[in-house]
There are 4 protein chains.
Amino acid sequence: MSGAPQRPLRADAARNRARLLDIATQEFTTRGVGVSTEEIARAAGVGVGTLFRHFPTKEALLQAVMVRRLETLAARTTRLAAESGPAGAFFDCFRLVVDQSAGKNEFTRALAAAGMDAHSALREPSAVIRDKLAELLAGAQRAGAVRPDLGLPELIALLTGTTAATEQLGTDPAARERVFEVVLDGLRPR
Amino acid sequence: MSGAPQRPLRADAARNRARLLDIATQEFTTRGVGVSTEEIARAAGVGVGTLFRHFPTKEALLQAVMVRRLETLAARTTRLAAESGPAGAFFDCFRLVVDQSAGKNEFTRALAAAGMDAHSALREPSAVIRDKLAELLAGAQRAGAVRPDLGLPELIALLTGTTAATEQLGTDPAARERVFEVVLDGLRPR
Amino acid sequence: MSGAPQRPLRADAARNRARLLDIATQEFTTRGVGVSTEEIARAAGVGVGTLFRHFPTKEALLQAVMVRRLETLAARTTRLAAESGPAGAFFDCFRLVVDQSAGKNEFTRALAAAGMDAHSALREPSAVIRDKLAELLAGAQRAGAVRPDLGLPELIALLTGTTAATEQLGTDPAARERVFEVVLDGLRPR
Amino acid sequence: MSGAPQRPLRADAARNRARLLDIATQEFTTRGVGVSTEEIARAAGVGVGTLFRHFPTKEALLQAVMVRRLETLAARTTRLAAESGPAGAFFDCFRLVVDQSAGKNEFTRALAAAGMDAHSALREPSAVIRDKLAELLAGAQRAGAVRPDLGLPELIALLTGTTAATEQLGTDPAARERVFEVVLDGLRPR
DNA sequence: CATGAATGAGGTTTCATTCAT
DNA sequence: CATGAATGAAACCTCATTCAT
């Protein structure tokens, strides 16, 4: 049920695994999911065999990258929520998730296309985020900062959509800001 | 300069071409751009050779699918714009474009990834849409129905984003409606 | 047994056949046997179907081109042999055959590679040349102008070889001339 | 700059590479450059992937075969030149090159047809041969054994041509010998 | 007869994955 | 455990040949 290793990895093995994850994240994000396993292994300075020892499948690697992203996101979300009032926390987190999710759609889609239920492997880490987001949404709604009829699914869809929108505007920060304003304004009770 | 064929295609050729486009649209949309040319040809009931006679490259096929979508879209946009007042036309078109664009991101992305300037082949049909949208935006802004600081790029990004968001909500019309409300509300001057 | 058409071709059909042969000769010679039937047909201004009506196979077309070359060659050889004395006729013909055979190796090889006995279809026209050459060789040997131990096969091999050699020197006429001198000198009794 | 592998190949890899080269040489020579990579791989007892790991392109394989032939040739030429006097060395080498060059024309032609400068990849090994031949030619000319007006290009063309001629006479050693006599005699000062 | 659209086997090449070293 | 050579299915595309128009 858990992704945690059976026994603690040897030091060098752990180093290789971490390095592979880092490189894979970077390559998948910048060059798409089409990059070959061979290239990722080479960029990480290991042989393909090592890659496949740690991740039995290319898809498993994709999954692991996703999981780590979600975990990082969950951690930062938690931290942020603790620092501001309910409304501020909600809007800050919205921005944070969007900024951190660049490229995520590609992964989700790749996993989905491979016919696998995205929820099976990502259930645990994404559940953490969902819970955080639900909590933040409820808080902001109680504080009257967000329209009360909005549900969690819509919030997540809007996060995905805003990610897509801002990705398309990569080079123009002012335009990205205006897009944020539109969506965040729209979230307020009318 | 024109997309129209040099001579009228023979009856069977036209049938095959149309059928290929239909099948390709469907396959690309439902299963992603990874589907093989061979499968598309088989699904269309023709040999691969026929596919490649009509579209000399897989990318050319993708392009053709895109072009047809954009043309359909442009036609409907024009019709709608004529029927309502400036504000109504703008909001109606926004919905229309989003509804018609399901799956389009995949294509745009695929074309971009293939290193081709999306504007080269799609320039004409997409320019028509851009012009329409720019016109509608200006009209709605003049009518005070849309915040005046919004530019065309942001509008297009928001269209893309809203498409992504509603795609994720496919099964729940009420939730889709709430997403639309958020974005359309956000577009109004605050 | 004969390549002559069963009945006289219609005027346009004959024109097409001739044109196809001309174009095919040119394309095969300048661009190699790799040129596609489609390209040859297009260059000849007819559809592929027409090409295949006249020549049921690409190989048949190659054959026809060869045959025509050989026939032309035979005719010129005959003419030349009548005009000079035995020695002169021999050496003139040697040069003529070499000059006219540029590119011929490609064809011979293509036919051979296709697993067909080159002699089956080319037997008749090439027999004419062989006879001419045999006659010329005998005459020149009687006149003491060519070493008496040389047989017809060696003569033909030397023709092929000299063709290959001069083809490699295409751009430099003086060098070609020196190659001719070497071979023709070598043919004389030592 | 060097053709030597960066690190010593693993034992099996080296075996496969050598075997591929051997088989490719044989197949290309006996059946033409048309043989498919798949067939070569199968004949060598490896998968296609292995073939393409060693030679990233069919052309690269052709090149490698050529290079090996030329290198072998250069080595033998060097040895021979050291053993005989200037005239003997020249004539011996002429025969050696011709005997070793059977089929070489096919490769050269294939490479040329593929639009690649034959000199780019083969520059080094073929330069060695050219140098050797130039040296031998000069020596034989100084010794008065070869006509003084003959240049290196003509010599090479004659080698090519004699190769073509003797190839055609494969089954009859006496005829081949007579062809050699004609050419070698022609090379002597008249 | 001419046309050119359709066919599909076959060619080259890539890449996730396995396994000998 | 790490390595990277080997594998072979599958992708895209070409082209000789057939046959409906």
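Just so we're on the same page: letters track the sequence lines, and every chain starts at 1.
Contact annotation: B/His54 reaches the phosphate of E/dA6 (side-chain N/O to OP1 or OP2, under 4.0 Å). For the pair C/Asn16 and E/dC1, the criterion of a side-chain N or O lying under 4.0 Å from OP1 or OP2 is not met. Distances shown here put every side-chain N or O of C/Thr37 at or beyond 4.0 Å from the OP1 or OP2 atom of F/dC15. Contact between the side-chain N/O atoms of C/Thr50 and the OP1/OP2 oxygens of E/dT3 is found at a separation under 4.0 Å.
At a threshold of 4.0 Å, the pair D/Arg53-A/Glu38 counts as salt-bridged, since one of the basic side-chain nitrogens sits closer than that to a carboxylate oxygen. For D/Arg68 and D/Asp22, the salt-bridge test passes: some basic side-chain N is under 4.0 Å from an acidic carboxylate O.
E/dA2 atom P lies 19 Å from atom CZ of C/Arg42, rounded to whole Å. Taking atom CD of A/Glu39 as the reference point, atom P of E/dT14 lies 11 Å away to the nearest angstrom. With rounding to whole Å, A/Phe55 atom CZ is found 14 Å from F/dC1 atom P. Straight-line distance from the CG atom of D/Leu51 to the C1' atom of E/dT12: 10 Å, rounded to whole Å. Atom CD1 in D/Ile40 sits about 15 Å away from atom C1' in E/dG10, given to the nearest Å. Regarding C/Glu59, its CD atom lies at a distance of 17 Å from the P atom of F/dC15, rounded to whole Å. Taking atom CZ of D/Arg19 as the reference point, atom P of F/dA6 lies 13 Å away to the nearest angstrom. Between A/Lys58 atom NZ and E/dT17 atom P the separation is 9 Å, expressed in whole Å.
A distance of 9.0 Å separates OG1 in A/Thr37 from CG in A/Leu61, rounded to the nearest 0.5 Å.
The residue among D/Asp12 and A/Phe52 whose nearest nucleotide of DNA chain E lies closer to the 5′ end is A/Phe52. When each of C/Gly49 and D/Gly45 is assigned the nucleotide of DNA chain F with its nearest heavy atom, D/Gly45 is the one assigned upstream, toward the 5' end. Each of B/Arg15 and B/Glu38 lies near DNA chain F, and the nucleotide nearest B/Glu38 is the one positioned closer to the 5' end.
Among F/dC13, F/dA6, F/dC1, the nucleotide with an atom closest to any side-chain atom of D/Ala13 is F/dA6. With E/dT12, E/dG4, F/dC15 as the candidates, the nucleotide lying closest to the side chain of B/Arg53 is E/dG4. Each of F/dC13, E/dA6, E/dG4 was ranked by its minimum atom distance to the side chain of C/Val48; first place goes to E/dG4. Listed candidates were E/dT13, E/dC1, E/dA6. Nearest to the side chain of D/Thr57 is E/dT13.
A donor-acceptor contact shorter than 3.5 Å links the side chain of A/Thr29 to the backbone of A/Thr25. Between the side chain of A/Thr30 and the backbone N or O of A/Gln26 there is at least one donor-acceptor pair closer than 3.5 Å. Under a 3.5 Å cut-off, the side chain of A/Lys58 and the backbone N or O of A/Ser36 do not form any donor-acceptor pair.
The partner of E/dA16, taking Watson-Crick or G-U wobble pairs whose two distances both stay under 3.5 Å, is F/dT7. Under the Watson-Crick and G-U wobble criteria, each requiring two contacts below 3.5 Å, nucleotide F/dT21 is paired to E/dA2.
On the C1' atoms, E/dC1 is 13 Å away from F/dT21, given to the nearest whole Å.
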